[in-house]
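This one's a predicted model, so the numbers in the text were calculated from it and none came from an experiment. The figures here come from the full heavy-atom set of this structure, side chains too, leaving out hydrogens, waters and symmetry mates.
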Number of protein chains: 2
Amino acid sequence: MYSSELIKGTLKTIVLKLLSETKQMYGYEITLKVKELTSNKIQITEGALYPTLHALEKEGIVSAEVINIGKRVRKYYTLTPKGKKNANEKVNEFIDYINTMKFLLDIKPQVG
Amino acid sequence: MYSSELIKGTLKTIVLKLLSETKQMYGYEITLKVKELTSNKIQITEGALYPTLHALEKEGIVSAEVINIGKRVRKYYTLTPKGKKNANEKVNEFIDYINTMKFLLDIKPQVG
DNA sequence: CAAAGATACATAAGAATATTATGTATTTAT
DNA sequence: ATAAATACATAATATTCTTATGTATCTTTG
């Protein structure tokens with residue numbers, strides 16, 4: 001588990017990436033998938049995720065569809081066409097950013 | 001230039017890494033160095049940096065020394081012993097985190 | 001079968017961190 | 001002389017996350 005500050009600002013990108021792979025997912029499913037894919041290293045809290053999903057919906061990046069499972073409710077999210085384009089851009093920018101940071105943090109000690 | 005949200009939570013780590021390389025730096029110098037090392041991709045704002053440096057000083061992670069350059073003032077920061085240990089841990093954790101994120105975001109589209 | 005844990009949503013108070021704007025003052029370049 | 005760069009600082013605001021709380025259903029386990 002990473003200290004919480006590291007996750008800041010990455011949540012939207014993670015969500016967009018997952019949605020661009022699997023077409024439709026519901027919130028709780030996203031938390032499980034991220035835990036699984038990262039071997040429990042990244043754990044998305046629901047208090048962060050649900051407001052983020054609502055924000056993405058408001059921005060027209062995802063659309064939501066409520067489905068009944070027995071007496072329980074699931075809210076499936078899908079990328080809109082606008083969202084698909086946006087997702088690619090954001091993910092690519094983030095990968096670029098990661099590479100930049102890796103370069104910056106891998107620099108060896110210098111004399112001086 | 002990356003969209004601003006990406007930088008969130010990384011500032012302290014960048015500062016600690018630079019100080020662990022070069023022993024002592026002043027604030028403005030840090031902004032220039034990061035710009036240079038990242039080919040202008042990461043630009044630290046002074047409004048973010050100075051409060052961060054003050055916080056690190058309060059936590060006993062860095063110590064500060066004011067130097068006069070002509071009639072102007074520079075405030076040089078150095079890692080304390082505690083800070084050196086802390087810097088290594090944080091930088092390593094961050095590199096680990098970056099690798100995890102890269103894995104997560106490089107996953108190829110899946111059928112389903 | 002009762003209790004605990006997992007599933008599934010939601011929101012609100014508070015903390016942390018950054019942006020943007022503003023301010024002061026000196027030094028260097030045009 | 002004026003603009004830009006150097007060098008510090010802080011305040012108001014915005015963003016984003018944590019922690020806590022709430023509701024309700026379904027599944028596992030002693």
Taking atom NZ of B:Lys102 as the centre, report whether more than 12 heavy atoms of other residues, nucleotides or ligands fall under 6.0 Å from it. yes

Atom [atom1] of [X] to atom [atom2] of [N]: distance rounded to whole Å?
X	N	atom1	atom2	answer
B:Ile30	D:dT6	CD1	P	15 Å
A:Lys12	D:dA14	NZ	P	16 Å
B:Lys71	D:dT6	NZ	C1'	16 Å
A:Leu49	C:dA12	CG	P	17 Å
B:Asn68	C:dA25	CG	C1'	13 Å
A:Ile42	D:dC17	CD1	P	12 Å

Might you work through the side-chain contact (heavy atoms from CB on, under 4.5 Å) test for B:Met101 and A:Phe94, ending with a clear yes or no? CA-CA 9 Å; B:Met101 282 300 294; A:Phe94 198 77; 3.3 Å; yes

Decide yes or no on side-chain contact (heavy atoms from CB on, under 4.5 Å) for B:Lys12 and B:Ile61, but give the supporting numbers first. CA-CA 11 Å; B:Lys12 265 187 190 173; B:Ile61 291 177; over 6 Å; no

With a 4.5 Å cut-off on side-chain heavy-atom distances among I, L, V, M, F, W and Y, is there a chain of contacts connecting A:Val73 to A:Val62? no

Reading nucleotides 4-11 of chain C from the 5' end, what letters show protein touch, with B for base, S for backbone sugar-phosphate only, - for no heavy atom under 4.0 Å? --SBSBBB

Looking only at heavy atoms, which two atoms of B:Leu37 and A:Phe103 are closest? And how far apart? O-CE2, 3.2 Å

Rounded to 10°, the angle between the first-five-pair and last-five-pair axes of the helix from C:dC1-D:dG30 to C:dT30-D:dA1 is 30°

Phosphate oxygens OP1/OP2 of D:dC17: is one of them under 4.0 Å from a side-chain N or O of A:Thr45? no

Indicate yes or no: does B:Lys33 engage B:Glu21 in a salt bridge with an N to O separation below 4.0 Å. no

Can A:Tyr97 and B:Thr10 be said to form a side-chain contact (heavy atoms from CB on, under 4.5 Å), step by step? CA-CA 11 Å; A:Tyr97 170 71; B:Thr10 71; 3.0 Å; yes

List the steps, then state whether side-chain contact (heavy atoms from CB on, under 4.5 Å) holds for B:Ser20 with B:Asn88. CA-CA 8 Å; B:Ser20 72; B:Asn88 265 318; over 6 Å; no

